[in-house]
Amino acid sequence: MTINWTEIETKWRNKWQENKDFETNPNDKPKKFITVAYPYPNSPQHIGHGRTYTLADVHARFYRMKGYNVLFPMGFHYTGTPVLGMAKRIKDEEKEILEGLRNIYHVPEDAIKTFVDPIKIADYFHEEIKSGMIEMGYSIDWRREFTTIVPGYQKFIEWQITTLREKGRIIQGSHPVGWCPECKNPVSQHDTLGDVEPKIDDKNFLIKFKLDDFVFPITTLRPETIFGITNLWVNPNTVYKKVTVDDETWIVSEECAKKIEFFEKKVAVIGEIPGSDVIGKNVKNHDGRDIPILPADFVEPGMGTGLVMSVPAHAPKDYQALMDLKAKNHELASKLEPIPIIVTEGYGSIPAKDIVEKMGISDQSDTKLEDATKELYLKEFTDGKLNDKCGQFNGEKVQFGRDKIRSWLQDNSNLEKFPVLEESVRCRCGCDCVVKVLNNQWFLNYGDEEWKKLARQCLDEMNILPSNIKTEFIEVIDWLHERACARQQGLGTKLPWDNDWIVESLSDSVIYMAYYTISRFVNDGTVTPENLTKEFFDYVLIDKGDVTLVASTSNLDENTIDMIKKEFSYFYPVDSRHSGRDLVQNHLSFFVLNHVAIFDKKLWPQEIVVNGSVMMDGAKMSKSMGNIIPLRKAIQDHGADPIRLAIISSAELLQDADFNMESVSGIQSKLESLLEECSRLRNESVGELEPEDKWILSKTQSKIAQITEAVEKMRLREALHDILFTFETDLNWYQKRTQAKSRDDISGILHQVNSTRVAMLSPFAPHIAEEMWEKLENSDLVSKTQWPEYSKEQVDATAIQAEELLKSTIEDIANILKVTKISPQKIVIYVNSDEFKSKVYHKILSIMVGGQNNMGVVMKELIADPETTDAKKMPDFVQKTIKDLHSESEEIKKMKLESSGFNEKEFLANELASIGKKEFGVDITVYSESDSEIYDPKGKARHARPFKPAILIE
RNA sequence: GCGGGAGUCGCCCAGCCUGGUCAAAGGCGUAGGGCUUAGGACCCUAUCUCUUAGGAGUUCGUGGGUUCAAAUCCCACCUCCCGCACCA
């Protein structure tokens with residue numbers, strides 16, 4: 001049967017929509033509030049995006065069937081900068097992006113024309129993504145939809161950020177960013193030529209030396225070397241600038257003067273001074289020592305401040321420059337000697353000298369100096385120790401002492417940050433980027449210990465799936481520090497108290513789930529954005545103030561306000577938050593932090609579910625690889641349900657899923673044959689149950705238990721696998737058994753089993769499950785039936801172990817045939833009938849179910865019991881029995897223990913003949929070991945053990 | 001550097017949390033058979049080594065340890081992947 005997926009899926013989607021099945025209002029039932037990170041609409045969604053939503057939808061559908069009132073809403077995150085960049089590039093008619101839109105995303109030309117407006121881009125992909133979600137059958141309550149730039153949402157964000165500020169969670173400070181001096185804007189990866197990320201080295205510092213009223217600042221990565229400084233180097237051929245910086249006057253190169261303009265300082269160039277003019281003068285060190293200024297050609301004005309400090313004992317370049325001057329009998333230089341401050345194994349007292357001599361360097365123009373510098377720096381960093389010249393830092397390892405010296409200098413205001421770009425970056429406009437220090441930046445103070453403590457407490461009490469990612473969350477919380485929560489461009493909400501700033505896009509998406517309980521009323525006109533005052537949110541969300549006051553400030557009547565408050569209280573807290581693994585470090589952690597900052601403990605989130613990403617045929621999906629499959633295209637080609645199942649079955653939760661089309665077609669044919677089977681089965685009445693009937697019904701029960709547990713823990717791959725395939729294994733055996741007995745009365749049983757199966761399939765493949773349900777002639781919709789409930793009463797322990805005995809006996813026969821390669825004429829089975837053996841067997845069983853497996857201990861316990869004390873005469877039997885039982889599951893062992901009255905001979909005599917004839921083509925005779933008319937020419941019968949009959953094949 | 005994760009029988013990949021059900025699921029590949037005019041698709045069987053009685057041996061990155069028992073727990077090592085922020 002070939003399925004027309006589109007037809008079937010449309011049919012059922014329409015039905016759900018007509019019934020308003022997924023529109024959720026508060027009622028008497030227990031609720032589940034399940035949310036997923038809303039999408040950023042700057043491209044259509046592909047299969048990878050589909051994963052998180054699909055998993056969450058299965059979760060939602062499952063709980064709905066379990067009897068919960070499930071709220072599963074969706075919004076769209078317009079906030080941020082990427083669409084801005086896109087719009088600009090489209091305006092500039094950049095070929096690459098236009099071709100991408102046309103050829104990969106198939107956006108119509110009419111739409112592309114409007115894309116010079118960033119909001120039009122978001123609107124277009126918003127609709128595109130939403131259509132895809134509907135086509136995937138996601139059970140979303142669309143009445144609550146919003147985008148993050150609608151007035152109501154902005155009111156909510158204003159309240160959120162104000163509340164955080166009131167609670168002291170927001171602080172102000174400065175922060176370096178990559179900056180384009182031409183566009184006067186921060187640059188992110190999207191804004192640079194070649195999409196390089198502007199990386200800022202924030203560990204670069206500047207040390208100040210003083211000469212009268214002038215400051216000679218010098219940048220260095222090795223602040224510890226100030227203890228070994230002998231002189232400064234200045235390029236005699238460079239003209240330096242005199243620059244006022246706040247209340248100091250600095251001498252720096254012209255290039256440096258330009259850089260510091262972008263720092264958070266008042267900067268003005270007030271004059272210049274040739275390098276040659278300062279040579280020979282002395283500057284003051286941090287400890288007041290005189291440091292002479294000497295000339296050096298290697299000093300590059302573009303590097304740092306254009307001034308260099310000289311540490312000849314540890315810097316090969318400095319050493320060589322000093323030697324060169326000494327060779328020319330430079331007067332000042334001749335008085336200077338290197339000051340060693342670091343002791344490193346393998347080097348003498350002046351390491352720079354050693355390495356210069358070792359490498360055969362002759363003067364400062366030698367290119368080998370670069371290598372010498374690198375080698376020595378690394379060696380001293382990893383192995384070096386500071387010596388007694390370093391005062392209080394004597395004996396410290398360089399790698400630890402450096403940070404201490406840095407903060408010591410900073411405390412004494414001899415040190416300032418001098419952030420630089422790690423690699424030079426160019427803006428899309430072609431201009432070279434610089435580092436700009438943004439002053440008065442607003443930060444969320446995630447570094448605060450008190451706050452972290454609350455977050456840890458929340459994590460601790462939360463259910464995190466899969467549980468092993470919890471450690472990662474804890475690490476992230478430990479590591480987080482202040483994070484900028486505002487930026488100067490992009491779509492979003494303005495900071496209420498500082499309109500120059502827009503709330504940054506990760507910070508306006510942390511507690512918005514609360515807004516889903518309000519957006520419904522905004523969307524249907526019950527309230528307007530103007531009604532959403534601070535007092536309103538205070539009262540509804542954090543139970544602050546009273547309704548009369550709120551009514552007066554918000555212009556709403558008290559009933560409406562309390563209705564909304566009730567709705568919020570009913571649905572909050574969030575019961576499950578689904579998201580991709582890439583959001584653990586930011587969104588999900590912020591989600592936790594912001595909730596604990598704003599809400600009472602009883603409203604803290606209950607669960608986080610994290611899933612891995614999706615690979616395409618083993619490779620990462622990317623536009624440049626051209627292996628992106630838009631979700632809607634995939635639905636068109638293969639049907640939504642097969643895509644859903646392929647996504648789920650390709651990997652367990654946290655693993656990266658490898659998606660491929662073969663698995664989709666495999667699933668398609670599986671579903672096709674299941675549908676076909678469902679069309680055939682009739683709900684006929686079931687007569688007297690045969691052993692195999694009891695068995696398959698019992699097995700169905702244990703499947704229910706297994707699958708339910710797996711879904712609850714979001715091990716959906718496992719659950720789906722059980723529903724689709726493991727069930728099949730059991731059904732195959734059942735089929736074999738009933739065929740061997742030529743039965744034609746099994747349709748009712750199969751109908752029962754497959755109805756259970758289809759019900760459990762329904763959250764995974766909702767459309768086709770409805771179709772199957774209909775074909776099975778069951779009433780109502782499968783999505784509205786109860787999830788199958790495990791019932792212990794319906795498990796027949798005897799039936800299960802009987803069937804296991806049958807299987808293992810057949811397996812044994814097959815095994816013997818395989819090894820001996822004989823073609824059987826006659827098969828004889830001898831069943832144990834020795835009561836003492838049975839007694840010992842059960843005793844051993846009970847000992848082993850108690851957890852004991854040791855032969856010695858088992859034997860001791862047997863002997864201790866007067867009933868079984870003779871077991872010591874047959875250690876061989878005991879040992880073999882233990883071994884038999886070892887290879888049985890705990891479940892089976894328990895069942896065997898429960899049903900001790902099972903008659904092996906009777907069962908095998910009745911059941912083995914038919915299936916045995918079918919399998920081996922010969923008649924099988926069953927004897928009891930003690931039968932008087934036994935046929936036992938080879939004396940096999942005495943080898944029979946309980947559940948392990950002896951076998952004779954001729 | 002800091003942090004997270006992975007290494008399984010030709011390949012992909014499950015099992016590890018909760019030790020015994022593990023020579024280890026499933027898929028691919030390979031071999032044989034069925035079906036077919038043939039091929040494809042599909043179905044069945046086999047697929048670590050040895051074995052003419054249901055058995056034995058050696059395997060889960062490497063080396064140790066704990067235990068009656070280790071793919072699974074602990075320690076060390078080797079190799080590989082990923083994230084490190086103002087960006088959604």
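Here is how names work: the chains are called A, B, and so on, in the same order as the sequence lines, proteins then strands, and each is numbered from 1. All values below come from the heavy atoms of this structure, side chains included, with hydrogens, waters and symmetry mates left out.
Residues A:Y935 and A:L952 form a side-chain contact, since some pair of their non-hydrogen atoms from C-beta on lies under 4.5 Å apart.
Along RNA chain B, the nucleotide closest to A:I953 and the one closest to A:N586 are compared, and the more 5′ of them pairs with A:I953. Between A:D812 and A:E718, it is A:E718 whose nearest contact on RNA chain B lies nearer the 5' terminus.
Note on A:D812 versus A:K948: salt bridge recorded, some NZ/NE/NH1/NH2 to OD/OE distance being below 4.0 Å.
Look at the P atom in both B:A88 and B:G15: the space between them is 36 Å, to the nearest Å. Taking the C1' atom of each, B:A23 and B:A70 are spaced 15 Å apart, rounded to whole Å.
At whole-Å resolution of the value, CG in A:L506 and P in B:C84 are 12 Å apart. Summarising the geometry, the separation between CG on A:D722 and C1' on B:A14 is reported as 12 Å, rounded to the nearest angstrom. Residue A:E811 contributes atom CD, which lies 13 Å from atom C1' of B:U21 at whole-angstrom precision. A:Y78 has its OH atom 15 Å from the C1' atom of B:A88, to the nearest Å. A:E472 places its CD atom 21 Å from the P atom of B:C17, with the value rounded to the nearest Å. Between the CZ atom of A:R581 and the P atom of B:C82 there is a distance of 13 Å, rounded to whole Å. Taking atom CD on A:E475 and atom P on B:G3, their separation rounds to 7 Å, with Å as the unit. The distance between atom CD1 of A:I667 and atom P of B:G26, rounded to the nearest whole Å, is 17 Å.
The base-pairing partner of B:U59, taking Watson-Crick or G-U wobble contacts with both distances under 3.5 Å, does not exist among the strands shown. Under the Watson-Crick or G-U wobble criterion, with both distances below 3.5 Å, B:A14 has no partner in any strand shown. With a cut-off of 3.5 Å on both pairing distances, the Watson-Crick or G-U wobble partner of B:U47 is B:G29.
If you check B:C84, B:A53, B:A88 against the side chain of A:W479, the one that comes closest is B:C84. The nucleotide whose nearest atom lies closest to any side-chain atom of A:H77 is, among B:A88, B:A53, B:C86, B:A88. Looking at the side chain of A:H721, the nearest of the listed nucleotides B:A53, B:A88, B:G26 is B:G26. Counting only heavy atoms from C-beta on, A:R717 has its side chain closest to B:C13 among B:G55, B:A53, B:C13. The A:L583 side chain lies nearest to B:A88 when the options are B:G3, B:G55, B:A88.
At a threshold of 4.0 angstrom between heavy atoms, the contacts of A:I469 with the nucleic acid are absent. Among the protein residues, A:P949 comes within range of the nucleic acid bases, having at least one heavy atom under 4.0 Å from a base atom. A:A950 comes within 4.0 angstrom of a nucleotide base, judged by non-hydrogen atoms across all strands. Contact annotation for A:T79: backbone-only contact, meaning every heavy-atom pair under 4.0 Å involves sugar-phosphate atoms and none involves a base.
Because its NZ or CZ atom is not both nearer than 6.0 Å to the ring centre of A:W501 and within 45° of the ring axis, A:K494 does not count as a cation-pi partner of that residue.
Residues A:Y40 and A:Y78 keep their aromatic ring centres 6.0 Å or farther apart.
Across all non-hydrogen atoms, the minimal contact from A:E904 to A:L805 is CG-CD2, 3.8 Å. Minimum interatomic distance between A:S649 and A:I667 (heavy atoms only, all atoms of both residues): OG-CD1, 3.7 Å.
Between A:T81 and B:A88, a side-chain N or O to OP1/OP2 separation shorter than 4.0 Å is present.
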